[in-house]
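Every number for a ligand or one of its atoms is a count from 1 in the order of the listing.
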Amino acid sequence: MESFGSRLHEAVARRGPLCVGIDPHPGLLTRWGLSDDVAGLERFSGTVVEALGDRVAVVKPQSAFFERFGSRGLAVLESTIRQLRNAGALVLLDVKRGDIGSTVAAYASAYLDPSSPLYVDAVTVSPYLGVGSLAPMFELAAAHGGGVFVLALTSNPEGAAVQRARTPDGRTVAQAVIDQIAQLNRDAEPLGSYGLVVGATVGDTGHDLSAVRGPLLAPGLGAQGATAADLRTVFGSSLPWVLPSYSREVLHAGPDAAALRAAADRVLTDCRAALGAPD
Ligand SMILES: O=c1ccn([C@@H]2O[C@H](COP(=O)(O)O)[C@@H](O)[C@H]2O)c(=O)[nH]1
């Protein structure tokens, strides 16, 4: 079975280094002329799938915006995931889960077991109960070709107080997370299946990402103020591993499918230039 790292490597080679988020904010539903209810949610997600499912490498539904409608919102999420996978996009579900190991095992089967209704290619997780507590997630990902993206240096300004705090050995919390993920990816070729989340807003981090060998998801572009040009400052020599991620910047172009595609193409062009990636 092909690993997530290999599948991502191929998808990026075919479609370009871009992740687009599906974040149906109430304000975006209104802006698109949709009602702030399950029908609006379904229409919004369906439009993004139709516009981008067959051209963007990775699509990242933000679970919170589906969960807020309860079981009917989750049903829309399930069908959105199915449609995206059928269209050939890799689906990264942004859920930022984390708990004690025995509960993480249940989250892992919810998202990374192929028999689950919410089965996706990869998920985001939080390491703040200890990277070791995420072991069941890493194990199920390895068993089924899934991916796991661990928060390291998040794009929001509040994150630094926790992530840049020092551990007893003098490393920052973020560097300790980075080093543990690098260890998990140590033998991976061409790309590891365990990634990190490093915001495009964080500037020159002073952190060493050089040994990670896995994908570096970079949110914070567009609506949160970072530009593709900032990626060079943040990632330096690790640029080849970066997967830039935009949500509102692209979604603001909707509801017209052609305009959504044009917005995704525009940010992809910016990212290719910033990353020095081939067209
Ligand atoms: O550090 C992080 C981790 C995750 N996110 C998520 O990405 C999108 C960003 O949306 P934009 O509209 O492009 O700002 C959103 O779902 C966040 O929850 C992040 O922003 N930063």
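In terms of polar-atom proximity, S245 is not counted as a contact of ligand 1, lacking any N or O under 3.5 Å from an N or O of the ligand. The shortest N or O to N or O distance between K60 and ligand 1 is under 3.5 Å. Inclusion of Q224 in the set of residues having an N or O under 3.5 Å from an N or O of ligand 1 is warranted.
Using a 4.0 Å cut-off between a side-chain N of Lys or Arg and a carboxylate O of Asp or Glu, D94 and K96 qualify as a salt bridge.
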Give every donor-acceptor pair under 3.5 Å between a side-chain atom in residues 206-216 and any protein atom, sequence neighbours left out.
residue : atom : partner : partner atom : Å
H207    : ND1  : T205    : O            : 2.8
H207    : NE2  : T172    : OG1          : 2.7
D208    : OD1  : S210    : N            : 2.9
D208    : OD1  : S210    : OG           : 2.6
R213    : NE   : A188    : O            : 3.4
R213    : NH2  : A188    : O            : 2.9
R213    : NH2  : E189    : OE2          : 2.9

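With sequence neighbours excluded, the residues satisfying side chain to side chain donor-acceptor pair (under 3.5 Å) with R7 are D121.
A heavy-atom separation below 4.0 Å is found between K96 and ligand 1.
When all heavy atoms of K60 and C19 are compared, the closest pair comes out as CB-SG, 3.5 Å.
No part of E249 comes within 4.0 Å of ligand 1, judged by heavy-atom distances. The backbone and the side chain of S155 each have at least one atom closer than 4.0 Å to an atom of ligand 1 (non-hydrogen atoms only). With a 4.0 Å heavy-atom cut-off, ligand 1 is reached by the side chain of D94 but not by its N, CA, C or O. Contacts with ligand 1 closer than 4.0 Å are made by side-chain heavy atoms of Q62 only, the backbone lying farther away.
The nearest heavy-atom contact from the protein to atom 16 (O) of ligand 1 is D23 OD2, 2.5 Å.
For ligand 1, the atoms sitting less than 4.0 Å from at least one non-hydrogen atom of V197 are 1 (O), 3 (C), numbered in the order shown with element in parentheses. Of all atoms in ligand 1, listed by their number and element, those nearer than 4.0 Å to a heavy atom of T154 are 1 (O). In the vicinity of R248, heavy-atom distances shorter than 4.0 Å reach the ligand 1 atoms 11 (P), 12 (O), 13 (O), 14 (O).
Ring pair Y194/F138 is perpendicular by interplanar angle, where above 60° counts as perpendicular and below 30° as parallel.
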